[in-house]
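Working notes for the structure below.
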Amino acid sequence: MRRFILFLALIAAGPFLRAQSVTEAEEAKAARMQWFADAKLGIFIHWGIYSRGDWSESWAFHNGRVSMADYFAQEKDFTAAKYDPAEWVRIIKESGARYTVITSKHHDGFALWDTKAGEVSAVRSSAAGRDVLTPFVDEVRRQGGLKLGLYYSLIDWPREDYPNVFRAGPARYNIHEEPERWAHFLDFNSAQLRELEVAYHPDLYWFDGDWEFSSEEWDAPGIVSMLRASNPDVIINSRIQGNGDYDTPELGVPVIKPASRWWETCMTINDSWGFRKQDRNSKAAQTVLTMLVDCMSKGGNLLLDIGPRADGTIPQEEVDVLKELGRWISKHEEAVYGTRAGIPPGHVMGYTTLNKAGDILYVYLPYAPTEVVEIQGIKSRVKKVRVVGNGAELKVRLYNDIDWSEVPGAYFIEVPATVLDHRMTVLAVELEEPLKLYRGSGQVISFNE
Ligand code: GLC
């Protein structure tokens with residue numbers, strides 16, 4: 001009988017126990033993801049034989065814009081002659097980024113490191129004739145302050161044991177008809193990933209190209225568990241058929257706050273991932289900054305791409321954008337690192353984030369206000385408003401704070417031109433308690449004095 005009661009008690013407690021273990025797993029993940037959530041800005045690097053600048057990375061031969069032979073002839077121009085990894089890392093750090101992700105291998109199969117698993121690498125098949133990944137990783141570690149991410153393409157179009165090669169045209173073979181051939185390719189991918197893991201032990205893997213096969217076909221869970229067995233703290237993006245940790249919208253900041261808790265928008269500075277000679281469509285520093293703040297306000301990161309040339313030099317327009325981001329971020333540090341998503345639109349004209357405790361609302365003004373900035377629908381009392389990176393305390397007035405109404409009053413903050421940052425001014429709205437919002441549509445009178 002006693003056993004029976006215990007059994008009933010366990011059944012009753014079941015959902016609770018399950019819920020608890022789910023939350024614990026979520027908490028453990030949150031701890032693992034913390035550096036990523038706090039980082040806000042990462043710098044992406046696309047570097048490979050395509051960096052000579054005539055054609056797009058890998059896609060050029062896949063889409064038939066150039067023959068495979070001409071595409072691979074670019075190997076002779078990948079010299080890395082002026083490659084200065086210490087300078088790369090300095091420039092990246094100066095941007096304010098807290099992590100960097102480099103293409104260890106793109107869809108063309110050209111590996112930047114001395115891979116033993118395959119034939120195609122900077123060592124064996126380029127004018128550089130040397131491993132160009134290790135010196136970068138060494139510099140990242142030596143200078144510190146940056147987490148290391150490795151981009152790895154699951155696709156390797158040129159390989160004979162990879163099924164697809166050209167977009168138009170038949171596949172080389174069908175993986176279900178020739179499972180050994182496919183298994184051979186998967187072994188190659190695992191071997192390369194093991195090499196990367198052993199040699200570099202990165203903080204993050206950035207997979208790409210998963211769309212050509214399913215999770216099961218790639219053995220994505222197998223890859224992920226292999227990497228996690230070696231490094232339980234590793235962060236993996238979602239482009240491994242959803243088996244990773246965070247989402248990667250591309251070339252566009254989400255219009256509404258994504259449902260997923262962790263995400264990162266990857267973004268080119270011009271229109272290309274790798275260096276392209278004819279691409280002059282560089283985004284201005286102001287544009288990139290706006291995108292960064294937009295991402296932050298919706299709880300995400302910006303992974304901003306640079307495309308060094310085949311000789312290892314980074315185009316000046318890109319360096320300039322990174323420097324300008326760095327200037328703005330270092331001035332506004334407290335409103336960047338460690339913040340979290342802000343409040344929904346409608347309360348204030350500008351982007352917002354919150355500090356971890358939730359009692360400072362940061363308001364980013366991508367325009368110069370005319371005298372005042374209004375904040376409405378804030379139930380928590382405002383203690384004071386100051387200008388981040390400047391220290392000036394601003395005058396605040398509260399209007400329509402009516403005691404019979406549940407609609408909170410509206411705050412009007414006076415913002416004189418003298419406190420403005422020429423790119424984006426940030427106000428720290430300090431509250432007496434963690435932020436509470438009013439989200440209604442007004443109240444009619446029920447009482448008056
Ligand atoms: C895309 C492309 C690729 C680029 C990547 C970066 O998936 O295949 O060329 O490297 O996005 O996000």
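In listed order, ligands and their atoms are each counted from 1.
- Within 6.0 Å of the NZ atom in Lys82, the count of heavy atoms belonging to other residues, nucleotides or ligands does not exceed 12.
- Side-chain atoms of Thr353 and Tyr364 include a donor-acceptor pair closer than 3.5 Å.
- In this structure, Phe44 and Trp206 have tilted ring planes: the angle between them lies in the 30° to 60° band.
- In summary, the atoms of ligand 1 found under 4.0 Å from a heavy atom of Trp206, numbered by their order in the structure, are 12 (O).
- Remark: minimum distance from atom 8 (O) of ligand 1 to any protein heavy atom is reached at His107 NE2, 2.8 Å.
- A cation-pi arrangement is not found for Arg52 relative to Phe78, the charged atom failing to lie both closer than 6.0 Å to the ring centre and inside a 45° cone about the ring normal.
- Side-chain contact check for Ile343 versus Leu361: some heavy-atom pair is nearer than 4.5 Å.
- The protein heavy atom nearest to atom 1 (C) of ligand 1 is Glu250 OE2, 3.3 Å.
- Near Phe44, meaning under 4.0 Å from one of its heavy atoms, ligand 1 places the atoms 6 (C), 12 (O).
- Those atoms of ligand 1 that come under 4.0 Å of a heavy atom in Cys266, given as number and element, are 12 (O).
- At least one heavy atom of Trp211 sits closer than 4.0 Å to an atom of ligand 1.
- Protein heavy atom at the shortest distance from atom 9 (O) of ligand 1 is Glu57 OE2, 2.7 Å.
- Aromatic ring pairs are classed by plane angle as parallel below 30°, tilted from 30° to 60° and perpendicular above 60°; the pair Trp47 and Tyr83 is tilted.
- Of all protein heavy atoms, the one closest to atom 5 (C) of ligand 1 is Asp208 OD2, 3.2 Å.
- Stacking of Arg309 on the aromatic ring of Phe275 is recorded, both the 6.0 Å distance cut-off and the 45° axial limit being met.
- Results of the side chain to side chain donor-acceptor pair (under 3.5 Å) test with Asn243 over Ser225, Ser238, Ser215 single out Ser215 as the only residue that passes.
- For atom 3 (C) of ligand 1, the nearest non-hydrogen atom of the protein is His106 NE2, 3.4 Å.
- Ranking protein heavy atoms by distance to atom 2 (C) of ligand 1, first place goes to Trp59 NE1, 3.5 Å.
- Nearest non-hydrogen protein atom to atom 10 (O) of ligand 1 is His46 NE2, 2.5 Å.
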